[in-house]
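Just below is one structure, and these are the notes that go with it.
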Amino acid sequence: MRIAIGADHGGFPLKGRLVELLQSAGHQVLDLGTHSAEAVDYPDYALAVGEAILSGRAERGILLCGSGVGACVAANKLPGIRAGVCHDTYSAHQGVEHDDMNVLCLGARIIGPELALELVRAFVQAKFSGEERHQRRLKKVLAIEQRYLAKK
Ligand code: RB5
């Protein structure tokens with residue numbers, strides 16, 4: 001799978017381990033930075049990862065910040081991005097299976113590296129179930145997005 005990953009300075013300490021894990025599992029990783037511990041702004045990385053997905057350069061994304069929250073809020077502003085903060089493995093795969101989540105957000109100041117690795121494994125291995133009830137609910141989510149995009 002082609003996976004875009006981005007982090008601010010809060011998420012940076014975790015990014016290298018996750019890139020290694022994904023590459024060793026055979027995934028193609030698009031590392032969109034940041035590349036140092038110097039302070040940066042998380043919306044810039046949320047935008048880069050979101051755009052990589054919307055342009056087709058990546059199928060899924062992973063965003064890391066201190067809590068996971070800021071990056072998640074920013075990523076969800078892009079129509080077509082469905083991001084979630086998941087710090088438990090059930091949500092990390094169920095978010096894909098039921099909600100077609102395409103970006104996993106993690107808080108590097110909240111969870112340790114071993115849990116982060118398990119969360120990323122659960123996320124990338126999961127597939128949208130396509131069941132009728134989930135399709136129906138997703139269509140309603142997309143309708144909300146379309147309605148408010150139309151007001152711009
Ligand atoms: C940066 O200090 C921090 O605010 C950011 O990484 C993130 O936690 C925001 O949600």
Side-chain angles (χ1 to χ4, degrees), residues 1-25 27-126 128 134 137-138 140-142 144-149 151-152:
M1 186 184 287
R2 284 169 295 125
I3 300 168
I5 189 164
D8 74 354
H9 54 291
F12 172 72
L14 197 51
K15 183 163 66 67
R17 290 281 299 275
L18 299 184
V19 169
E20 277 171 24
L21 169 86
L22 291 165
Q23 286 174 337
S24 67
H27 299 289
Q28 201 181 313
V29 181
L30 185 58
D31 183 349
L32 297 170
T34 185
H35 299 291
S36 80
E38 191 182 326
V40 291
D41 298 333
Y42 62 80
D44 298 335
Y45 299 89
L47 180 62
V49 167
E51 285 182 337
I53 294 170
L54 298 179
S55 68
R57 286 181 294 139
E59 291 145 83
R60 301 237 185 119
I62 296 171
L63 278 169
L64 313 168
C65 67
S67 64
V69 174
C72 185
V73 168
N76 279 310
K77 298 297 178 193
L78 280 80
I81 296 301
R82 294 173 295 281
V85 180
C86 301
H87 287 162
D88 68 278
T89 54
Y90 176 77
S91 304
H93 66 82
Q94 191 256 14
V96 176
E97 292 158 358
H98 290 195
D99 311 319
D100 207 12
M101 175 173 73
N102 52 13
V103 176
L104 174 69
C105 303
L106 300 176
R109 293 175 181 161
I110 311 296
I111 57 167
E114 296 307 322
L115 177 55
L117 294 171
E118 290 193 11
L119 293 165
V120 165
R121 270 191 215 106
F123 171 64
V124 297
Q125 287 170 9
F128 179 53
H134 299 312
R137 291 163 189 161
L138 196 54
K140 291 189 178 188
V141 172
L142 298 178
I144 295 170
E145 196 171 76
Q146 287 306 316
R147 188 189 322 150
Y148 284 91
L149 276 174
K151 287 189 177 172
K152 299 274 172 232

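Along the sequence shown, the residues carry numbers beginning at 1. In listed order, ligands and their atoms are each counted from 1.
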Legend entry - Polar proximity ligand 1 side, Gly66 side, N/O cut 3.5 Å exclusive: yes
Legend entry - ligand 1 to Ser67 polar contact by distance, N or O atoms, under 3.5 Å: yes
Inset, instruction - Ignoring hydrogens and angles, tell me if any N or O in the side chain of Asp99 forms a donor-acceptor pair with the backbone of Met101 under 3.5 Å. - result: no
Legend entry - Any protein heavy atom nearer than 4.0 Å to atom 2 (O) of ligand 1: yes
Legend entry - From NE2 (His134) to CG (Asp100), nearest 0.5 Å: 11.0 Å
Inset, instruction - Find all atoms of ligand 1 within a distance of less than 4.0 Å from any non-hydrogen atom belonging to His9, and give their numbers and elements. - result: 1 (C), 2 (O)
Legend entry - Gly70, any N or O under 3.5 Å of ligand 1 N or O: yes
Legend entry - Under 4.0 Å to a heavy atom of Cys65 - the qualifying atoms of ligand 1, by number: 6 (O), 7 (C), 8 (O), 9 (C), 10 (O)
Legend entry - Point-to-point distance, once rounded to the nearest 0.5 Å, from OG1 of Thr34 to CG of Asp41: 10.5 Å
Legend entry - Atoms in ligand 1 flagged as close to Tyr42, the criterion being non-hydrogen separation under 4.0 Å: 9 (C)
Legend entry - Check: Asn102 side chain, Arg82 main-chain N or O, donor-acceptor pair, under 3.5 Å: yes
Inset, instruction - For atom 5 (C) of ligand 1, grab the closest protein heavy atom and report residue, atom and distance to one decimal in Å. - result: Asp8 OD2, 3.2 Å
Legend entry - Point-to-point distance, once rounded to the nearest 0.5 Å, from CD1 of Ile3 to CZ of Phe123: 7.5 Å
Legend entry - Nearest-0.5 Å distance, NE2 of residue His93 to NE2 of residue His98: 9.0 Å
